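Please read the structure below before turning to the comments.
Bear in mind the structure is a predicted one, so any value in this text is a computation, not a measurement.
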There are 2 protein chains.
Amino acid sequence: MNDITLIVDDDATFNAVLVRAFERRGIPARGVTDAREVAAVARELRPRRVVLDLNIAGVSGLTLIPQLLEIEPGCHIVVLTGYASIATAVDAIKLGAVQYLAKPVEVDAILGAFDEADGTDEGEVDATVSSEPLSVDRLEWEHIQRVLREHDGNISATARALKMHRRTLQRKLAKKPVRS
Amino acid sequence: MNDITLIVDDDATFNAVLVRAFERRGIPARGVTDAREVAAVARELRPRRVVLDLNIAGVSGLTLIPQLLEIEPGCHIVVLTGYASIATAVDAIKLGAVQYLAKPVEVDAILGAFDEADGTDEGEVDATVSSEPLSVDRLEWEHIQRVLREHDGNISATARALKMHRRTLQRKLAKKPVRS
DNA sequence: GTTTGGTGAGACAATTCGCCGCACCCGATT
DNA sequence: AATCGGGTGCGGCGAATTGTCTCACCAAAC
C-alpha cells in the first residue's frame, strides 16, 4: 500500500505530461510505458491509485485490471482511452475499474474520479468541487490533434478516421486552437 | 424469485414488441410503462431478470437499479437506452446492472446478455479494443452527457459550463447519439 | 506515362448555430 | 395572491459553418 499513483500509458509523451501534472499537484506519480513492466512495478510500489490506458502496445489494458487488483486489492483504477466505446467501458467497470474516461481528458477529471471513488464509502454528498470547463470546441481540437498525430499528420486519413469531411478538417485545422 | 422477465420501458409500442418477442421464445414477460409502478410490480413478481430502459418519463432509470436490486437481490438487470453514453453506462454497471445496450438492439442481444450473466459469474470479457477513435460528433456527445450528468441533468447549467448556447445544447440533446 | 493518393483552395447549397422572443412551470419571497 | 427568479421547450431568423463538388498541383508507385 502506497500513496503513489501509477500511470500506465505507452504514449511516452502523454505519460510524462500526466506524471508531471500529478507531481505539480503534490501527488507522487510513477509512469510506466511498457505493459510487461506493469505487474513488476505494481508489486514493488503497491499503488493505491492507477491510471490505466487501455490500448497499450496491442495488448488490451483490460487484462491488466484483474492483475492489478490481485496485486493490490482495493486499489482504485481509472481507465483512460483514446478509443473509447461503451462495450469496453462496461467491461472495464465489470472488471473492477472505478471510472472510465475518454481522451482527451483533463487532469482534474482524473483526480475527480479518484476523489469520487474515495468518498463512496462515506456519506457522499457529491459535492464535486472539480471544475469542469473544457468547451466542446477545445475538446474537439485536442482530439483532432491527437488523431492527426496518430496518422502521422495525414489529413486525409485523419478525416476518414474521424468520419469527417476532409474539407471540414482542413478548415478546422486552419483555425487557431480555441481556448478552454 | 420468479422466472418471469420484467420489461420496463415507457415506450408502449416498443415495450409490447419486446414482451411479445420474449413470449414467442417461451419466456414469460411482463411489461411496465410507468416508472412509479416498477417497485410495486417488482415486489409482486420478484423477477430474476429485468430489462430496463434508461430514459423513462424524465426520471432517470438509473435510480431504479438499486431499488430493483433491493427488492430482488441478485436479479440480473440489462439496461437499454436510445441515448447511450459512456457516462451512463459506467453508472449503470457500477449500480449493479449486468449489461448496458444501446438501442436499436435485437432481442437476441438482450437474451445473450442475460445468458452471459447467468453462465459466467465473472470471467471472460471480450478484450477487443476498437482500433478506431471516436468521431468528433460522438466525442462531443460523450462529453456533453458527462457534463450533463455532473450537473444533475440541468441543461441550463450544463450549457453555461460548456460555454454553449442553451438552445444549441437543447437541439444537440434532442438528437440521437451518432454511431462510432 | 499513367495511375493512385495526398493537399490546398474556390464556390455554393444545406445545415447548424447564436440569439432573440415567448409561454409555461415551480418554488421561494413579498 | 402576486411576484420574482430560474429552468425548460420551442418557433423564427440572420449569420456562420459544414458538406459536397470542383479544380489544379505534386509525389510516389506501377
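- When DNA chain C is scanned in the 5' to 3' direction for atoms under 4.0 Å from non-hydrogen atoms of chain A, the outermost contacting nucleotides are dG6(C) to dA11(C).
- By the side-chain hydrogen bond (donor to acceptor under 3.5 Å, both in side chains) test, R43(A) is found to be paired with no residue, residues two or more places apart in sequence or in another chain being considered.
- Residues satisfying the side-chain hydrogen bond (donor to acceptor under 3.5 Å, both in side chains) test with R24(B), not counting sequence neighbours, are none.
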Nucleotide-resolved protein contact map, nucleotides 16-30 of chain D, B/S/- at heavy-atom distance under 4.0 Å: --BBB----------
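- With sequence neighbours excluded, no residue satisfies side-chain hydrogen bond (donor to acceptor under 3.5 Å, both in side chains) with Q99(B).
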Which side-chain N or O atoms in residues 149-157 of chain A pair as donor and acceptor under 3.5 Å with protein atoms at least two apart or in another chain?
residue	atom	partner	partner atom	Å
E150(A)	OE1	Y83(A)	OH	2.5
E150(A)	OE2	Y83(A)	OH	3.3
E150(A)	OE2	R146(A)	NH1	3.4
N154(A)	OD1	S156(A)	N	3.0
N154(A)	OD1	A157(A)	N	2.8

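- For the salt bridge (Lys or Arg N to Asp or Glu O under 4.0 Å) test, residues two or more places apart in sequence or in another chain that qualify with K103(A) are D9(A), D53(A).
- The other members of the hydrophobic cluster of L101(A), by chain and number, are I7(A), F14(A), L18(A), V19(A), F22(A), I27(A), V51(A), V78(A), L80(A), V98(A), V105(A), V107(A), I110(A), L111(A), F114(A) (side-chain heavy atoms under 4.5 Å, ILVMFWY only).
- For R25(A), the salt bridge (Lys or Arg N to Asp or Glu O under 4.0 Å) test picks out D108(A), with sequence neighbours left out.
- Between N154(B) and the phosphate of dT8(D), there is a side-chain N or O to OP1/OP2 separation shorter than 4.0 Å.
- Proximity of T88(A) to V79(A): side-chain heavy atoms (C-beta onward) are nowhere separated by under 4.5 Å.
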